[in-house]
Colleague: 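Supplied in structure tokens, the structure appears directly below.
A, B, ... follow the sequence lines: proteins, then strands. Residue 1 opens every chain. As the structure is a computational prediction, the values presented were derived from the model and not from experiment.
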Number of protein chains: 2
Amino acid sequence: MSRQDQKRNKVTLLDVAKHADVSRATASLVVRKSPLVGAETRERVEAAMRELGYVYNMGAARLRAERSHTIGVVVPNLTNPFFAELLGGMEASVDAAGLVMIIANSGDGPPRQAAVLQRLREHGVDGIILCPAAGTPDDLASKVSDWKLPVVQALRHVTDDIDYAGVDYAAGMEEAVEYLVSLGHQAICFAVHGPVHSAYHERVQGFRESMKRFSLKPDLVIRVPDRVDQIAKEADALFAQGRVPSAVICFNDLVAHGLAAGFYDRGLRIGRDISLIGFDDVADAEAMRPRLTSVSTSPSEIGHNAVALLLERIAQPSLPPRCWISATKLHIRDSCSPLSSS
Amino acid sequence: MSRQDQKRNKVTLLDVAKHADVSRATASLVVRKSPLVGAETRERVEAAMRELGYVYNMGAARLRAERSHTIGVVVPNLTNPFFAELLGGMEASVDAAGLVMIIANSGDGPPRQAAVLQRLREHGVDGIILCPAAGTPDDLASKVSDWKLPVVQALRHVTDDIDYAGVDYAAGMEEAVEYLVSLGHQAICFAVHGPVHSAYHERVQGFRESMKRFSLKPDLVIRVPDRVDQIAKEADALFAQGRVPSAVICFNDLVAHGLAAGFYDRGLRIGRDISLIGFDDVADAEAMRPRLTSVSTSPSEIGHNAVALLLERIAQPSLPPRCWISATKLHIRDSCSPLSSS
DNA sequence: CTGAAAGCGCTTACAG
DNA sequence: CTGAAAGCGCTTACAG
């Protein structure tokens, strides 16, 4: 019975309506779970859908209703565990809202970013969560507003005119510095890497300000390679500045991981000879030895926030731009120790 | 000029056609880069698109052309770095093919998997790459063929009737065992975790077979917790079986990472007191200390393969089902040492 | 609560 | 190479 109507998968709402002996409009109301339809009718239509193997055609619905139930997410990178956690958080929220997520990779470069943004527009997404690529031009906000497409920035921001879900990186740095100072450290170094963007600046400035607050030298900022397996080799750079740090704060856990390896190679014992603090507190921090003290930024929570902002923006496009800056939390484990009075 | 036509973003192909003084059909040909249109005409149309800020409406096109330029990817988990690398590989290939990727999370459970699969069908994806959830029912193949939707299995497989892009896990285990044997190890343990599926069975069987080939006890298979931070605490279980292993092969690098932490906590020196081999060879392996010897499965390459299979399947739906099993490669680093004759 | 009509923005034959 | 017409499968008012 049911199979014969189905050549080439073409069961349409009209077929369902006929089968259930109602009008197409009524069938449409049933699919969309409208309360206008009587229980008995609804049941009949639903039975018809089952029997015919009906599959809702979102594409057709979108064309008429101007809503695609699809959002776009563009990140600079897919393989970084931090972004993986971020995406995981987003996926959960997006799914709960009955939407679906198209993900795109900007490679952290403006040209590719422009291309994927265009592609997402063509696909008619209802909105976009964008972690702006390093070097994103200033006119992003005006472009986006021309598009009349709901957009929220995540993790990084290039304009105040667009919603932003991020983290108080500066406060996180402050927590880290404060903690190390409380342990007696003074020669504290900040090891950075990767592309430069708002989250980068906020961390560096947070570090400098905090150091100054404690009347400490704020300029021990050194740059390490991007890839974790190369950071280890560069750990020497930390000690080549004329002043030997007793503690180092890392741009993220990846840097911490690489540096930890480098220290190991040099026979330095973390948490004894040198103190180490990570940033982000991704899953590995707990599995490092000694366990890594790290400033937690809860990427999956940021993912939730970004989706929440986007959904509200979609519902009310004229809302004033909003910021959702979440707090960090220093997760103290075993990689720092009091400065031995030597 | 250009702004006024654009109230509510509604520049349509017809507007472009009028502006360029051609018919709608011709404009359509230009968007699709058909060679049928003369260079001069094409240029005029393209100029019109630019001036009006035209955005191609993929949704409308799909409705008529029955192609969405969208593929679905369903994975059991988003935050595992292994899947992150897999997705990264897929994204590159998908993007290069001019498509876009909807990603969905099955949570490694059949009910959610069924839901997301349904959702992807509703969104009219051109095909699906599925890493089947543990416990996926046997009728998957017949369901999928009812759907007439191109599908390829990745990493795991539940049927031979659907394309599959995977890895020769058994051969990988064999490499690992062989290497340890060559170092003189006999009491070799396999530490597994996570849900049970084809890739799990293949690894366990690969281990057992290889051990038997060398006339070694094949039943030192122990189970550790799923989360990396809990594995460390369970490292003792390795030594509670009456026989103390001198080497352990891990189900994946995550297990290796957790176990390494556990060994550290017990004062065991990896690569001296005990040998350790990981599986997958994700980025961290290089940053562990001692550096982790691991069986590389090249997840991003599998991602490429899966996309390639899917694109071919979409182009030729009647092709017989195919398998693309890629080889593993043992990446020897510093976590294993010869068994000291004691 | 239900029906008949129009239309979302494109592509597809089919004539010229 | 170009035009006019029909239609993809839905939803949206608008009447009943």
Colleague: What nucleotide among C:dT2, C:dC10, D:dC10 has an atom nearest to a side-chain atom of B:L13?
Modeller: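 Per side-chain heavy atoms of B:L13, the pick is C:dC10.
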
Colleague: What is the distance, to the nearest angstrom, from the CZ atom on A:R62 to the P atom on D:dG9?
Modeller: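 Nearest whole value for this atom pair: 16 Å.
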
Colleague: In whole Å, I'd like the distance from the CD atom of A:E122 to the P atom of C:dT11.
Modeller: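 Rounding to the nearest Å, CD of A:E122 and P of C:dT11 are 11 Å apart.
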
Colleague: Going through the distances and angles, do B:N305 and B:S326 end up as a side chain to side chain contact (heavy atoms under 4.5 Å, CB included)?
Modeller: CA-CA 9 Å; B:N305 298 348; B:S326 44; 4.1 Å; yes

Colleague: Taking for each residue the nucleotide of DNA chain D with the nearest heavy atom, is it A:L14 or B:S23 whose nucleotide lies nearer the 5' end?
Modeller: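 Residue closer to the 5' terminus by nearest nucleotide: B:S23.
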
Colleague: Once pairs are restricted to Watson-Crick or G-U wobble with both distances under 3.5 Å, how does DNA chain C read as a dot-bracket string, [ ] for crossings and | for other-strand pairs?
Modeller: |||.||||||||.|||

Colleague: Just compare D:dC10, D:dT12, C:dT11 and give me whichever is closest to any side-chain atom of A:N57.
Modeller: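 Ranking D:dC10, D:dT12, C:dT11 by closest atom to the A:N57 side chain puts D:dC10 first.
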
Colleague: Of the nucleotides C:dG3, D:dC10, D:dG3, which one has an atom closest to the side chain of A:Y56?
Modeller: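 So the side chain of A:Y56 is nearest to D:dC10.
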
Colleague: Measure from the side-chain heavy atoms of A:A65 and tell me the nearest of D:dT12, D:dT2, C:dG9.
Modeller: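 Given the options D:dT12, D:dT2, C:dG9, the side chain of A:A65 is closest to D:dT12.
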
Colleague: Specify the separation, in whole Å, of atom CE of A:M49 and atom C1' of D:dG9.
Modeller: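 It works out to 15 Å between those atoms.
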
Colleague: Which is more 5' along DNA chain C, the nucleotide nearest A:V37 or the one nearest A:R24? Just name the residue.
Modeller: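 Per heavy-atom nearest nucleotide, the more 5' residue is A:V37.
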
Colleague: Starting at the 5' end of DNA chain D and moving along, which residue's nearest nucleotide shows up first, B:T26 or B:L63?
Modeller: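 Its nearest nucleotide being more 5', the pick is B:T26.
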
Colleague: Tell me which nucleotide among C:dG9, D:dT2, C:dA4 gets nearest to the side chain of A:A25.
Modeller: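 For A:A25, the side-chain atoms sit closest to C:dA4.
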
Colleague: At 4.0 Å (heavy atoms only), tell me whether B:V22 reaches a base, stays on the sugar-phosphate, or touches nothing.
Modeller: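 The answer is sugar-phosphate, as B:V22 gets under 4.0 Å only of primed atoms, P, OP1 or OP2.
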
Colleague: Could you tell me the separation between the CD atom of B:E43 and the C1' atom of D:dC1, rounded to a whole number of Å?
Modeller: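 Spelled out: CD on B:E43 to C1' on D:dC1 is 17 Å.
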
Colleague: Rounding to an integer number of Å, can you tell me how far A:D15 CG sits from D:dG9 C1'?
Modeller: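 It is 10 Å, rounded to the nearest whole Å.
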
Colleague: Between atom CG in B:D21 and atom C1' in D:dC1, what is the gap in whole Å?
Modeller: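 For the pair B:D21 CG and D:dC1 C1', the rounded distance is 15 Å.
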
Colleague: Checking contacts here: which listed nucleotide (C:dG9, C:dT11, D:dT12) is nearest the side-chain heavy atoms of B:A60?
Modeller: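 Given the options C:dG9, C:dT11, D:dT12, the side chain of B:A60 is closest to C:dG9.
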
Colleague: Round to the nearest Å and state the distance from A:R67 atom CZ to D:dT12 atom P.
Modeller: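 Between P of D:dT12 and CZ of A:R67: 11 Å.
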
